[in-house]
There are 2 protein chains.
Amino acid sequence: MQRHVFFLSDGTGITAETLGNSLLTQFEGLEFRKVTLPFIATPEKARATVDYINHVGDSDGARPLVFSTTTNDAARAVLRECKGLFIDLFDTYIHTLEQELGVPSTQAQGRAHGLADGSRYNARIDAMNYAMEHDDGQSTRDLSKAELILIAPSRCGKTPTTLYLALQHGIFATNFPLLEEDLEKPRLPTALQGLEDRLFGLTSDPERLAQVRNERRPGSRYASLAQCAFELRQAEQLYRRYNVPYVNSANMSIEEIAATVMQEKALRH
Amino acid sequence: MQRHVFFLSDGTGITAETLGNSLLTQFEGLEFRKVTLPFIATPEKARATVDYINHVGDSDGARPLVFSTTTNDAARAVLRECKGLFIDLFDTYIHTLEQELGVPSTQAQGRAHGLADGSRYNARIDAMNYAMEHDDGQSTRDLSKAELILIAPSRCGKTPTTLYLALQHGIFATNFPLLEEDLEKPRLPTALQGLEDRLFGLTSDPERLAQVRNERRPGSRYASLAQCAFELRQAEQLYRRYNVPYVNSANMSIEEIAATVMQEKALRH
């Protein structure tokens, strides 16, 4: 038996997906077929959506789970009538918040992931362009503009974390590689001297790093366990010498590394 | 009077932020001070968090709003006692889902944005590396590996959308610029011929594009309204000639463009 999960929204559907997926991670061993249906902004579209959900539920022989974040009352009133288990963020919480805040909600659509906050949005794009241009020490120009400079040996997660922080949080982040000549001493690369307060270091486990490097350059010295162990040991020594906070990223997701860095460096805007 | 909003989690806090921020977009004109407190995984940390929230609430003279996604029962039991308005995703919904699914939840921590699904996670990293290496037509090698190739004149949003799709959704996406020589005919760049089924086009409004380009190269021909209008008109003609689906990104966020593209090209994994 398969069971469908629907994520419905009059916006992008990101909130509904986040909410639903978080809840479903708590149920292991069950298989779901997930379908996101964004931009349901009219009762007509809502009606077509309900017909589709009901049809799928009948075919499956299992009641669909429906996570909705549709702010529009008229559309939501229609969606609520579907045969799925209907979980709606606004039905559940908006009345509580209206009471607490003492003002009515606006029912504005697609606000959560739209352009509502223009200056914050532009900051994200600027941060992303900055991160792209300075990735992996490509340019040392404007390095002092960075709020955060991630440093690490190659393939510890610098680039994805940097782009994530820029795209999601508008943080002027960049990264700088620690090369073998930096690690041998170990000594901070010249370009970073005077910027110690922006630095955050990543390290990893030698086995994990060797595995990642082997996917890129199989059998190379670069990917050997000995080389990885050497670079990580020296990097950690460098972090301690310069009082650079650092974390071992071997078993962390980009999101977990980002959350750790933001907390440690007080970077949330 | 200021009012604090807290996002609490035993993981990254991303779900709590998404939940809370989505709800708060429905209340305009109110100012909140937002604080994310991730990785609250023990009753002791929860106790310290409650003390902090209560202290802040007393200082503000306003009851904090607290959005929590702490899966750990022991930690949540402590957090629930804070003096804020306590809204917890799991308190609200997990029992309903347990009943519907007929199984107990696992209370596994930090699953939503951790490394739980390793293969999916590696796909995201691979997709991001691919997007970085092929950005803006830098490399035409392996272009056929792309599931999606965004095309557009310069500064219509190709790069941020591509990176977002790769990082968030693990989609093998890349982008390719439409240069003046392509647009004059208009004709599909040679490198894209035979890949028409992967293409999605972006267009914009001339005024908006001129504004964005002027931030980069003020007063240039590249940024002139006439040049922008010409390029967009020709690009739209090209999209129609080659049956490339497209969208006007002038008033759309990255997330909205991404949701539109994924829906149009059936790209959700």
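All values below were derived from every heavy atom in this structure, side-chain atoms included, with hydrogens, water molecules and symmetry-related copies excluded. Lettering of chains follows the sequences in order, A, B, ..., and the numbering in each one begins at 1.
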Closest-packed option against chain B by number of heavy-atom pairs under 4.5 Å, given [options]:
{"options": "A/R124, A/E256, A/E98", "answer": "A/E256"}
{"options": "A/M132, A/E255, A/M262", "answer": "A/E255"}
{"options": "A/Q263, A/H113, A/E100", "answer": "A/E100"}
{"options": "A/T12, A/L30, A/T159, A/N251", "answer": "A/T12"}

So B/F172 and B/Y130, would you call those rings parallel, tilted or perpendicular, with 30° and 60° as cut-offs?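 Geometry flag for B/Y130 against B/F172: tilted rings.
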Under a 4.5 Å heavy-atom cutoff, which of [options] has the most pairs with chain A?
{"options": "B/L19, B/L97, B/T71", "result": "B/L97"}
{"options": "B/L24, B/N129, B/L37", "result": "B/N129"}
{"options": "B/P160, B/A258, B/P104", "result": "B/P160"}
{"options": "B/V35, B/I14, B/I254, B/T260", "result": "B/I254"}
{"options": "B/L167, B/N21, B/I125", "result": "B/L167"}
{"options": "B/V212, B/T96, B/V103", "result": "B/V103"}

Show your reasoning for whether side-chain contact (heavy atoms from CB on, under 4.5 Å) applies to B/V66 and B/C82. CA-CA 9 Å; B/V66 181; B/C82 77; 3.9 Å; yes
Does a side chain donor of either [X] or [Y] reach within less than 3.5 Å of an acceptor in the other side chain?
{"X": "A/T15", "Y": "A/T69", "answer": "no"}
{"X": "B/D60", "Y": "B/H4", "answer": "yes"}
{"X": "B/T70", "Y": "B/D10", "answer": "no"}
{"X": "A/S139", "Y": "A/E133", "answer": "no"}

Can you tell which part of B/L85 gets under 4.5 Å to a heavy atom of chain A, answering side chain, backbone, both or neither?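 Contact with chain A is through the side chain of B/L85 alone.
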Report the residues that fulfil side-chain contact (heavy atoms from CB on, under 4.5 Å) with B/T36, sequence neighbours left out, ordered by chain and then residue number.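 Expected list: A/R268, B/F7, B/E17, B/P38.
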Quick check: does any side chain N or O of B/R3 sit under 3.5 Å from a backbone N or O of B/P64, one acting as donor and the other as acceptor?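 No, the answer is negative, given that no donor and acceptor are paired below the 3.5 Å cut-off.
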Ring of B/F86, cation from B/R80 - is the NZ or CZ under 6.0 Å from the centre and inside 45° of the axis?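 Verdict for B/F86: no cation-pi partner in B/R80.
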Under a 4.5 Å heavy-atom cut-off, does chain B meet the side chain of [X], its backbone, both or neither?
{"X": "A/L101", "value": "both"}
{"X": "A/M252", "value": "backbone"}
{"X": "A/R33", "value": "neither"}

In sequence, state the C-alpha distance, the side-chain angles, and the governing distance for B/Q168 and A/Q168, and then conclude on side-chain contact (heavy atoms from CB on, under 4.5 Å). CA-CA 10 Å; B/Q168 292 291 344; A/Q168 292 291 345; 2.4 Å; yes
Tabulate, in ascending numerical order, the residues of residues 87-95 of chain B having at least one heavy atom closer than 4.5 Å to a heavy atom of chain A, or enter 'none'.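 Counting heavy atoms that sit under 4.5 Å from chain A, the residues of residues 87-95 of chain B involved are B/I87, B/D88, B/L89, B/F90, B/T92, B/Y93, B/I94.
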Looking at B/E215 and B/R155, is any side-chain nitrogen of the basic one under 4.0 Å from a carboxylate oxygen of the acidic one?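 The answer is no: the pair does not qualify as a salt bridge.
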Where B/A173 and B/T162 come nearest, the two heavy atoms and their spacing: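 Closest approach of B/A173 to B/T162, heavy atoms only: O-CG2, 3.3 Å.
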